[in-house]
Protein chains: 4
Amino acid sequence: MFLNLNAGDKKQKIMMAAARVFAQKGFHKSKIEEIAQEADVGKGTVYEYFTSKLDLFSKMLEAGIWLYRDTLAREMKPQLTIGAKFTRFVYIHLQFVQCHQDIAGVIRQEFLHVSPQVQQTIMEAHREIIKMLAGTFREGIETGSFRQIDCELAAGMFFGAVHAVGAPTGKTAGDLEPIASQVVDVFLKGIEKK
Amino acid sequence: MFLNLNAGDKKQKIMMAAARVFAQKGFHKSKIEEIAQEADVGKGTVYEYFTSKLDLFSKMLEAGIWLYRDTLAREMKPQLTIGAKFTRFVYIHLQFVQCHQDIAGVIRQEFLHVSPQVQQTIMEAHREIIKMLAGTFREGIETGSFRQIDCELAAGMFFGAVHAVGAPTGKTAGDLEPIASQVVDVFLKGIEKK
Amino acid sequence: MFLNLNAGDKKQKIMMAAARVFAQKGFHKSKIEEIAQEADVGKGTVYEYFTSKLDLFSKMLEAGIWLYRDTLAREMKPQLTIGAKFTRFVYIHLQFVQCHQDIAGVIRQEFLHVSPQVQQTIMEAHREIIKMLAGTFREGIETGSFRQIDCELAAGMFFGAVHAVGAPTGKTAGDLEPIASQVVDVFLKGIEKK
Amino acid sequence: MFLNLNAGDKKQKIMMAAARVFAQKGFHKSKIEEIAQEADVGKGTVYEYFTSKLDLFSKMLEAGIWLYRDTLAREMKPQLTIGAKFTRFVYIHLQFVQCHQDIAGVIRQEFLHVSPQVQQTIMEAHREIIKMLAGTFREGIETGSFRQIDCELAAGMFFGAVHAVGAPTGKTAGDLEPIASQVVDVFLKGIEKK
DNA sequence: TATGAATGAGCTTTCATTCAT
DNA sequence: CATGAATGAAAGCTCATTCAT
């Protein structure tokens with residue numbers, strides 16, 4: 001077959017199948033055989049591209065995180081106003097979670113107890129986001145838009161809040177734009193009547 | 001020994017050992033043998049008190065959730081002002097997480113992929129908290145303290161934020177009182193300068 | 001309590017309970033705990049009278065075999081005519097099987113694979129019966145009542161036939177006397193029309 | 001190797017090994033590992049072909065019963081005279097027992113306490129044989145060869161007698177033809193001198 | 001390269017047996 | 001004597017991984 005799919009194609013296919021299965025069943029209940037079936041390849045083929053189940057999981061997860069970061073980096077133009085940045089962040093996060101439910105589910109749930117490596121990877125990504133958000137908060141304080149608050153704490157709270165909204169039990173049914181606006185509105189203005 | 005441990009004590013001992021091990025390794029990587037060793041009993045003894053590994057996990061988890069709920073119910077006096085209620089909630093939550101790191105860790109991480117039953121249990125507890133918080137927000141709106149916001153969304157955001165602050169990566173090093181105050185301050189007043 | 005039951009009483013109680021349980025579930029599926037419950041004694045008490053599960057089984061089985069032999073010895077008066085002896089044997093066997101279904105069931109089914117000792121015990125009893133029957137056949141030949149046949153073979157066949165009739169699937173519903181007569185009639189006269 | 005074993009071969013190999021081990025030790029004392037060793041395969045391989053130990057046992061047993069039935073059906077030509085039919089039956093039974101001692105041993109001993117399914121299977125086969133024999137007796141009565149006897153009882157007795165002769169303790173040392181003749185002779189003519 | 005039959009380490013669970021009371 | 005809570009050896013079964021084809 002000369003018009004074969006490009007080289008990384010089967011690897012991709014396996015990783016996507018893995019994301020689906022891992023998201024649905026978790027790392028320990030997912031069977032390599034099932035992932036292989038889902039990817040429509042033989043069980044042995046998985047081991048042609050990944051050294052182990054853990055390796056497949058890690059690679060899949062890293063790809064997911066990379067995609068998240070990439071999406072964020074692409075969409076968070078520096079020229080946006082601070083308020084717009086937050087709204088944009090929430091929108092992108094919610095949209096990512098909605099589009100990539102599989103990967104999002106895996107990132108959300110399965111990181112503490114799979115392997116220290118994996119835990120490391122996710123916590124690093126988490127720290128990076130917090131850092132970015134804290135930086136934006138700091139920027140707001142410096143430009144006089146925000147009042148004096150603990151930026152790290154606020155960043156943690158903000159990400160936690162957004163994360164909770166994006167969770168399956170949260171409000172992610174309708175359009176994401178208004179929800180993103182609301183979230184940012186609540187966070188920036190607080191809920192007390194002035 | 002004449003001052004023997006009271007009845008049900010061994011069950012407690014096993015559950016506490018289970019909490020430690022499950023928190024550290026997660027459900028699937030925890031071995032019954034290790035839990036038995038940690039509890040300083042024989043492997044078979046675990047099965048005298050629990051029908052299976054899953055049963056032990058569920059019972060331990062339910063006990064943890066019950067403890068959380070109980071603590072909350074005991075400490076959230078209805079006569080507190082709304083602001084004080086939120087501060088109290090954050091304080092109690094953070095304190096619980098700090099005191100019962102094992103159980104908190106288990107509740108936080110291991111619920112999706114252990115069993116539908118367990119998932120059910122945790123999500124129910126989660127819904128209950130959200131409901132309580134949303135009710136408090138509603139109360140604030142009715143009394144004119146809070147502005148018109150989506151109470152469910154706000155409750156989700158608030159719990160998410162608190163949850164994030166309580167997570168191992170969050171800020172829970174120093175005294176909890178000031179942190180609780182700060183969290184509530186940020187949430188009530190927002191971060192924008194008026 | 002000075003008017004206590006005699007010494008062997010509890011031992012008997014346990015053995016009878018064992019017979020019931022072993023008969024119903026077989027050796028390997030019977031649990032010591034269940035036998036203890038059936039005998040209305042504590043689990044540990046079983047070990048006061050028997051050194052092990054196998055010991056209990058063996059003792060119970062030997063008691064059953066002894067009872068069978070004893071019944072046979074008591075009822076098979078030497079002064080009976082040969083024909084009467086056979087009828088008597090069949091009747092006693094069928095009655096024993098009917099009265100002591102538990103023990104009979106155990107003897108019938110559970111002897112090959114419990115222990116070589118047990119197998120030995122039962123096969124010895126079996127050989128003894130065959131020998132007795134063969135002797136009676138020989139007696140018949142010598143007195144001119146029976147024709148020249150292989151006594152061992154005939155004894156084996158006869159016991160096999162009686163055994164089959166006594167099995168749960170066989171004909172043991174109605175009165176045993178006529179059945180015993182029929183069995184002996186068939187065996188002595190054959191089934192061919194003369 | 002180019003002349004590989006045909007498909008289903010390994011399944012056969014495992015079933016034959018199982019027959020040997022089960023016959024020697026009984027169901028409960030047989031370990032999967034030992035059967036695997038006997039079959040010269042890995043422990044896990046057994047589970048590639050059978051879902052459980054019980055499944056392996058059942059399948060093996062059914063194959064044995066099928067073989068018995070098949071042998072009987074093939075060899076019991078309807079055109080045989082009644083007397084020849086009985087002789088043929090005894091000969092086939094004894095030969096089967098001699099050739100397939102493993103399977104015969106399993107069928108003879110292990111059916112009550114393995115599983116209701118297994119019990120069902122064996123008792124059905126037993127009933128079928130009894131029915132066939134009773135039919136032949138009835139045929140004999142109708143054609144005037146046999147005297148008026150209870151066919152079911154006689155069939156039970158006959159099979160019991162043959163079964164006993166075929167048992168390991170019975171007479172199955174020498175040639176089977178003369179033994180079969182003797183058995184049938186005894187049964188048809190009886191043992192009384194006319 | 002792609003495959004899936006074969007494997008065995010490792011797990012949960014059972015239950016005969018012990019022994020402190 | 002009587003007990004039953006405690007125990008751990010032992011067995012069935014799973015599934016990540018290998019490797020001959």
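Lettering follows sequence order; numbering is per chain, from 1.
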Integer-rounded Å distance: dT18(F) P and F50(A) CZ: 16 Å

Close approaches to DNA chain E from residues 12-22 of chain C, in residue order (heavy atom, under 4.0 Å): none

Length of the line joining K11(C):NZ and dA2(F):C1', which is rounded to integer Å: 17 Å

Rounded distance (Å) that lies between atom C1' of dT17(E) and atom CZ of F57(C): 19 Å

Inter- and intrachain pairs under salt bridge (charged side-chain N to carboxylate O under 4.0 Å, His left out), touching residues 60-69 of chain B, at least two apart: R69(B)-E128(B)

Set of residues satisfying side-chain contact (heavy atoms from CB on, under 4.5 Å) with respect to H113(B), sequence neighbours excluded: E110(A)

Show me the donor-acceptor pairs within less than 3.5 Å that the side chains of residues 118-126 of chain B make with the rest of the protein, sequence neighbours left out.
{"from": "T121(B)", "atom 1": "OG1", "to": "Q117(B)", "atom 2": "O", "distance (Å)": "2.9"}

Toward the 5' end of DNA chain F, by each residue's nearest nucleotide, E48(A) or K29(A): K29(A)

Residues forming a ring pair (Phe, Tyr, Trp, His ring centres under 6.0 Å) with F50(C), sequence neighbours excluded: none

Sequence-distant partners of Y49(D), side-chain hydrogen bond (donor to acceptor under 3.5 Å, both in side chains), two or more places apart: none

Ranges pairing with ranges for DNA chain E, where each run has three or more Watson-Crick or G-U pairs under 3.5 Å: E:2-21 with F:2-21

Per-nucleotide protein contact string for nucleotides 8-14 of chain F, where B marks a base within reach and S marks sugar-phosphate only (heavy atoms under 4.0 Å, - for neither): BBBSSBB

Qualifying salt bridge (charged side-chain N to carboxylate O under 4.0 Å, His left out) pairs with a residue from residues 30-42 of chain A, counting only residues at least two apart or across chains: R20(A)-E38(A), K25(A)-E34(A), E33(A)-K43(A)

Atom pair distance, as rounded to whole Å: CG in L56(B) and P in dT13(E): 10 Å

Partner set under salt bridge (Lys or Arg N to Asp or Glu O under 4.0 Å) for K11(D), not counting sequence neighbours: none

Heavy-atom pair with the smallest gap, counting every atom of I35(C) and A17(C): O-CB, 3.7 Å

Distance in angstrom units between E34(B) CD and dC11(E) C1', rounded: 13 Å

Phosphate OP1/OP2 of dA2(E) contacted by K10(A) side-chain N/O (<4.0 Å): yes

Atom pair distance, as rounded to whole Å: CG in D9(D) and C1' in dA6(E): 15 Å

Partners meeting side-chain hydrogen bond (donor to acceptor under 3.5 Å, both in side chains) with Y47(C) (sequence neighbours left out): none

Min side-chain heavy-atom separation V97(C)-R108(C) under 4.5 Å: yes

Under the salt bridge (Lys or Arg N to Asp or Glu O under 4.0 Å) test, residues paired with K53(D) that sit two or more places apart: none

Touch class at under 4.0 angstrom, heavy-atom based, for Y49(D) against every strand present: sugar-phosphate

